[in-house]
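A short write-up of the structure that comes next.
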Amino acid sequence: MTIENENNTNFIKEIIKKDLNSGANDGRVATRFPPEPNGFLHIGHAKSICLNFGLAEEFKGLCNLRFDDTNPTREETKYVEAIKEDVRWLGFDWEDRLYFASDYFDQLYEFALHLVNSGKAYVDDLSADEIREYRGTLTEPGQDSPYRERTVDENLDLFERMRAGEFADGSHVLRAKIDMAHPNMVMRDPTIYRIRRAHHHRTGDKWCIYPMYDFTHCLSDAIEGITHSVCTLEFENNRALYDWFIENVNTKHTPHQYEFARLELTHTLMSKRKLLKLVEDGIVVGWDDPRLPTIAGIRRRGYPPEAMRTLAERVGVAKKRDTMVEYGFLEHAVRENLNLTANRVMAVLDPLKLVIENYPEDKSETFEIVNNPEDESAGSRQVPFSREVYIERGDFMEEPPRKFFRLSPGREVRLRGAYLVTCESVVKDPDTGEVVELRCKYDPESRGGDAPDGRKVKGTLHWVSASHAVEAEVRLYDHLFLRENMNDIPEGSEFTDFLNPDSLTVVKNSKLEPSVANASAGDRFQFLRHGYFCVDSEDSEPNKLVFNRTVSLRDSWGKGRK
RNA sequence: UGGGGCGUCGUCAAGUGGUAAGACACCAGCCUUUGGAGCUGGCAUUCCCAGGUUCGAAUCCUGGCGCCCCAGCCA
């Protein structure tokens with residue numbers, strides 16, 4: 001795997017280098033990946049994971065895995081397990097640094113008390129609707145709540161009673177006392193605690209008040225001694241509040257927030273809401289559908305984690321918004337990895353029988369074929385050959401156009417690793433005229449694929465001996481959406497309007513060489529001349545193999561012809 | 001008519017006053033027992049626009065233009 005080492009910098013790395021040089025944070029670098037356990041991770045999260053763990057790795061620091069679980073109504077333990085699996089799969093290790101914001105609820109409560117005591121937070125009795133009205137608009141300042149000037153003692157009493165469960169959900173909130181006329185809406189006395197009687201996946205029913213993200217995140221960072229808190233661009237406005245809390249609460253560490261552009265890919269979507277709809281409406285088979293950009297999906301699709309890390313490194317980290325990385329960029333990283341690591345195998349997806357008339361009926365022999373021309377250590381395997389083989393229907397044309405190098409009447413081609421064969425005649429279905437069989441002649445002198453007289457052929461075809469073939473189901477995947485930019489669809493249209501009707505093609509009776517018979521879930525192969533495939537982890541069984549196409553091979557012949 | 005950000009090749013993206021990296025894509029050629037892979041070459045006289053400063057500007061200044069984010073008791 002090649003990872004570019006030259007010029008692989010970005011603005012966050014530059015900030016860290018500067019901090020290291022100036023001796024900030026005692027020379028420590030600490031980052032964290034902070035998902036909310038309320039759904040499945042996708043490729044966008046993978047970029048963040050690679051960035052945070054990668055930064056720690058590069059600068060000899062540490063990266064924590066922290067679940068941001070401050071909203072009990074949305075979070076579930078099953079998601080924390082799924083997320084842990086995804087991070088591990090990507091190749092990162094948080095060691096003993098697995099944290100939960102909910103672990104800090106007691107500490108956070110103390111911090112809130114500190115704000116109340118210093119006159120910087122107050123309990124507000126306004127309803128959610130009233131608070132919104134008092135907040136003002138983007139261009140008009142807000143108004144102070146009538147409860148804003150309560151005394152410290154009164155606020156203390158009220159806040160403690162909020163915690164004690166004396167008030168109904170929604171009746172009170174604790175707010176930071178900042179500035180209702182602040183030009184940054186985030187700073188107009190933001191809510192820091194709300195009353196919510198909901199069962200928390202970890203703290204159970206211990207609490208009926210829960211801290212808000214803005215209050216929790218920066219202080220959790222401070223508690224953990226995070227130095228560089230990296231998040232996505234939509235939190236830029238929240239940075240002022242992040243800093244306000246750090247300044248107004250006594251914390252030992254003073255973390256800083258930096259924002260980068262999230263990863264978006266063409267022909268797909270990262271929106272949790274839309275992905276959920278695809279799952280719920282049965283448009284895809286589940287969160288791990290190989291067409292989905294979820295980590296579970298790409299894992300099942302067969303994308304190697306190394307390729308995802310390479311992608312994250314190559315797309316870089318910047319602040320430019322609305323960037324769309326071409327899907328082909330990802331596919332390139334996947335092919336690059338698989339080319340080096342996947343063993344080659346022959347698979348005929350659309351079989352056409354080829355009978356070698358001058359090959360003895362009862363004869364069969366095996367050929368030793370190299371497993372991976374890119375990797376000598378991958379060795380070789382024995383592939384059986386006999387009088388009747390299957391070739392790809394698309395590898396034969398009765399009336400070949402110019403530049404068609406494959407088989408046609410009278411033409412000689414190579415059966416990869418076996419013999420040179422010449423098409424003598426074509427057998428057709430008398431009713432439909434469909435070609436059902438090719439009658440050929442082979443050159444016994446060309447064993448292995450080369451003729452002793454040195455004559456060359458233009459085409460080399462993959463093949464599978466008919467009597468030895470293993471049947472399998474092969475699932476061919478394509479873009480989920482026809483439209484490139486799914487973040488910007490025409491007014492009046494629904495995102496589902498752009499679904500690709502051919503995002504999945506199931507090939508039921510493909511013929512594979514027998515060496516794959518014992519393949520197990522997740523095994524990856526290159527089906528010669530087709531692409532990279534893996535054994536499906538859900539539906540494949542020992543006697544009923546199912547393969548997923550991870551990505552096709554580049555095809556300069558097929559390109560532009562379909 | 002508020003505040004915060006961003007505008008460099010079709011797509012990502014370096015560049016931080018010294019004369020436009022790299023990758024993907026694309027094009028051409030070589031090579032090839034995968035029309036795969038690989039190899040070679042090509043691909044921004046110009047950095048949203050207009051002025052200005054300077055010997056010299058993508059980088060500094062001024063003024064425009066365009067796009068994105070923010071009015072959850074979500075994160």
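Model, not experiment: these values are computed from the prediction. Labels below follow one simple rule: chain letters A, B, ... track the order of the sequence lines, proteins then strands, and each chain is numbered from 1.
Within 3.5 Å, no donor on the side chain of A:D555 pairs with an acceptor on the base of B:G35, nor the reverse. Judged by distance alone, with hydrogens and angles left aside, A:R335 brings no side-chain donor or acceptor close enough to the base of B:G36 to form a pair under 3.5 Å. Counting atom types as modelled, A:E140 pairs no side-chain N or O with a base atom of B:G2 as donor and acceptor under 3.5 Å. Between the side chain of A:E374 and the base of B:G36 there is at least one donor-acceptor pair of N/O atoms closer than 3.5 Å. Looking at A:E14, its side chain has no donor and acceptor atom pair within 3.5 Å of the base of B:U16. With hydrogens and angles left out, the side chain of A:R344 and the base of B:U34 share a donor-acceptor pair within 3.5 Å.
Pair assignment for B:G38: B:C30, on the basis of Watson-Crick or G-U wobble contacts that are both within less than 3.5 Å. Figure legend. B:A71 is base-paired to no nucleotide; pairs are counted as Watson-Crick or G-U wobble with both atom distances under 3.5 Å. Base pairing of B:C65: its partner is B:G7, meeting the Watson-Crick or G-U wobble criterion (both donor-acceptor distances under 3.5 Å). When Watson-Crick and G-U wobble pairs are counted only if both distances are under 3.5 Å, B:C55 pairs with B:G18. Using N1 to N3 plus N6-O4 or O6-N4 for Watson-Crick, or N1-O2 and O6-N3 for G-U wobble, each under 3.5 Å, B:C47 pairs with nothing.
For the atom pair CZ (A:R32) and CD (A:E224), the distance works out to 9.0 Å, reported to the nearest 0.5 Å.
Considering A:T70, A:D69, A:T203, A:D68 as possible partners of A:S102, the one that fulfils the side chain to side chain donor-acceptor pair (under 3.5 Å) test is A:D69.
Using a 4.0 Å heavy-atom cutoff across all strands shown, A:R414 reaches at least one base atom of the nucleic acid. Within the 4.0 angstrom heavy-atom criterion, base atoms lie near A:R406.
Salt bridge A:R314/A:E336: present, at least one basic N to carboxylate O contact under 4.0 Å. Salt bridge A:D103/A:R202: present, at least one basic N to carboxylate O contact under 4.0 Å.
What separates CG of A:N485 from P of B:C68 is a distance of 11 Å, to the nearest Å. Taking atom CE of residue A:M180 and atom P of nucleotide B:G3, one finds them 18 Å apart after rounding to whole Å. A straight line from CZ of A:R416 to P of B:U34 spans 6 Å, rounded to a whole angstrom. For A:R188 and B:A71, the CZ to P distance is 11 Å, given to the nearest whole Å. For the pair A:M185 CE and B:A71 C1', the computed distance is 3 Å after rounding to whole Å.
Neither OP1 nor OP2 of B:C73 sits under 4.0 Å from any side-chain N or O of A:R132. Close to B:U34, at under 4.0 Å from its OP1 or OP2, lies no side-chain N or O of A:H462. The side chain of A:R554 places an N or O atom within less than 4.0 Å of a non-bridging phosphate oxygen (OP1 or OP2) of B:C26. Within the 4.0 Å cut-off from OP1 or OP2 of B:C74, not a single side-chain nitrogen or oxygen of A:T70 is found. Between A:K403 and B:G35 there is no side-chain polar atom (N or O) within less than 4.0 angstrom of OP1 or OP2.
For an aromatic pair to be called close, the ring centres must be under 6.0 Å apart, and A:F404 with A:F396 fails this.
Here the nucleotide nearest the side chain of A:L553, chosen from B:U34, B:C73, B:C69, is B:U34.
Here A:F329 does not lie in a stacked arrangement on the base of B:A25, lacking the combination of planes under 30° and ring centres under 5.5 Å apart. Stacking between A:Y213 and the base of B:A75 is absent under the criterion of ring centres within 5.5 Å and planes under 30 degrees.
In terms of heavy atoms, A:M308 sits closest to A:I298 at CE-CD1, 3.7 Å.
A syn base is found at B:G72: its glycosidic angle is within 90° of 0.
The side-chain heavy atoms of A:Y193 and A:V173, taken from C-beta on, include no pair separated by under 4.5 Å.
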